[in-house]
Protein chains: 2
Amino acid sequence: MGSYEQNIFRKYIADQGLKTTLQREIILDEFLRLEHPSTEDLYQSLRSKHQNIGYATVHRALKLFAECGIATVRNFGDGAQRFEPCREDRHHDHLVCTRCGLIIEFENSQIEKLQQQVAKSHAFTVLDHRLELYGLCERCK
Amino acid sequence: MGSYEQNIFRKYIADQGLKTTLQREIILDEFLRLEHPSTEDLYQSLRSKHQNIGYATVHRALKLFAECGIATVRNFGDGAQRFEPCREDRHHDHLVCTRCGLIIEFENSQIEKLQQQVAKSHAFTVLDHRLELYGLCERCK
DNA sequence: GTATTCGTTGAAAACGAATTTCAATTACAG
DNA sequence: CTGTAATTGAAATTCGTTTTCAACGAATAC
Ligand SMILES: [Mn+2]
Ligand SMILES: [Mn+2]
Ligand SMILES: [Zn+2]
Ligand SMILES: [Zn+2]
């Protein structure tokens, strides 16, 4: 057995006729330890223990994670794509401190409900959404 | 006199010790006619009548528009920054059709209010926010 | 086991949007 | 006007992302 994410990933790999590799296992493992890493972040994080894993492989793995649904692509406006583990499908949104980069996660079912109402009133089917509040955290203001 | 946006822009230019140029006036004028143009969109849109205005100048103008508050930077995940006129400070959010690119704008004061509550509960000061609902529009689903 | 097949890997190259450089030009204060 | 500093546009650069390609390796066939 393995973690929730490992199982989904392995199933996806098998279903697609792809191959399980040591690199992918290592990358997934490290990915699950990080918060909102960019490709570069994850690559650097692996460097110490695994100097033989290439940047391109890390990047390709992250794309696979997003494809199979265990990672979400984020963009907090800092010019780099960030990826984050979906963690059992618990959706959340973000407060982003524009000064120090602190990221606070939150869930608000009332907001989600209102979003659905808005979409409905425009005959729109929502597949995904992003809500980010930018500003200053307690320490920075 | 001039439009709301022209006045703000000219004041900003003056205050910063910058210079009013014909190019900037033309670019602003065209910018206000478009919906959510990228630099490239705006550049192309100007090309027919003003083949002598360079891409870099368009880009620099857009950055100035954002700086002085008459434009907002948007990122709908298509890989290009988009800019949009603020239009008298009326904030709005977006429904984005991921199939045909249609963008519907909406305002929802209840959602905004809940956002403030969320921020407050984390001792966060919100300076800006983005809410985008991605999915399929009426025609595409 | 050995061969064949086909996906994977990592380094390097290519890509593309954003940004900067630089020499020529222009706005505008004095 | 004149001098000075900002602006311009073409080209070059930057930087994150993506692709290429030859070597490699896992899975399957023989
Ligand atoms: Mn998060
Ligand atoms: Mn809009
Ligand atoms: Zn902070
Ligand atoms: Zn559509």
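Chain letters run A, B, ... following the sequence lines, proteins first and then strands; every chain starts at 1. Heavy atoms only: backbone and side chains are in, while hydrogens, waters and symmetry mates are out.
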Engineer: When you measure from the side chain of B:Gln6 to the backbone of B:Ser3, do you find a donor-acceptor pair of N or O atoms at a distance under 3.5 Å?
Structural biologist: yes
Engineer: Do any side-chain nitrogens or oxygens of B:Thr21 fall under 4.0 Å of OP1 or OP2 in D:dT8?
Structural biologist: yes
Engineer: Would you grab the first and last nucleotide of DNA chain C (5' to 3') that comes under 4.0 Å of any non-hydrogen atom in chain B?
Structural biologist: C:dA17 to C:dC28
Engineer: Hey, does B:Glu40 reach any base, or is it just sugar-phosphate, or nothing, if we go heavy atoms under 4.0 Å?
Structural biologist: nothing
Engineer: State whether B:Gln23 places a side-chain N or O below 4.0 Å from either non-bridging phosphate oxygen (OP1 or OP2) of D:dG9.
Structural biologist: yes
Engineer: State, without any angle test, whether B:Glu112 and B:Gln116 hold a side-chain donor-acceptor pair at a distance under 3.5 Å.
Structural biologist: no
Engineer: With the threshold set at 4.0 Å, does a side-chain nitrogen-carboxylate oxygen contact exist between B:Arg10 and B:Glu25?
Structural biologist: yes
Engineer: Rounding to a whole Å, what distance do you find between A:Asp41:CG and D:dT17:C1'?
Structural biologist: 15 Å
Engineer: Once you round it to whole Å, what is the distance between C1' of D:dA10 and CZ of B:Arg47?
Structural biologist: 12 Å
Engineer: Identify whether the distance between the nearest side-chain nitrogen and carboxylate oxygen of A:Glu84 and A:Arg82 falls below 4.0 Å.
Structural biologist: no
Engineer: Rounded to the nearest angstrom, tell me the gap between atom CD1 in B:Ile26 and atom C1' in D:dT7.
Structural biologist: 14 Å
Engineer: Given that A:Ser38 and A:Thr20 both sit by DNA chain D, which one's nearest nucleotide is further toward the 5' end?
Structural biologist: A:Ser38
Engineer: Rounded off to whole Å, could you give me the CZ-to-C1' distance for the B:Phe9 and D:dT7 pair?
Structural biologist: 12 Å
Engineer: Under a 4.0 Å heavy-atom cut-off, which of residues 52-68 of chain B touch DNA chain C?
Structural biologist: B:Tyr55, B:Ala56, B:His59, B:Arg60, B:Lys63
Engineer: Checking B:Asp29 side chain against B:Ile26 main chain: does a donor-acceptor pair fall under 3.5 Å?
Structural biologist: no
Engineer: Round to a whole Å and report the spacing from CD of B:Gln16 to P of D:dA5.
Structural biologist: 18 Å
Engineer: Taking atom types as modelled, find out whether B:His92 and B:Glu105 have a side-chain donor-acceptor pair closer than 3.5 angstrom.
Structural biologist: yes
Engineer: Can you tell me the distance, in whole Å, between the CD atom of B:Gln81 and the P atom of D:dT17?
Structural biologist: 14 Å
Engineer: Between the side chains of B:His59 and B:Gln81, does any donor sit under 3.5 Å from an acceptor?
Structural biologist: no
Engineer: Between the side chains of B:Glu30 and B:Ser45, does any donor sit under 3.5 Å from an acceptor?
Structural biologist: yes
Engineer: Parallel, tilted or perpendicular: which describes the rings of A:Phe9 and A:Phe65, with under 30° parallel and over 60° perpendicular?
Structural biologist: perpendicular
Engineer: Please figure out whether A:Lys19 or B:Ile13 has its closest DNA chain D nucleotide nearer the 5' end.
Structural biologist: B:Ile13
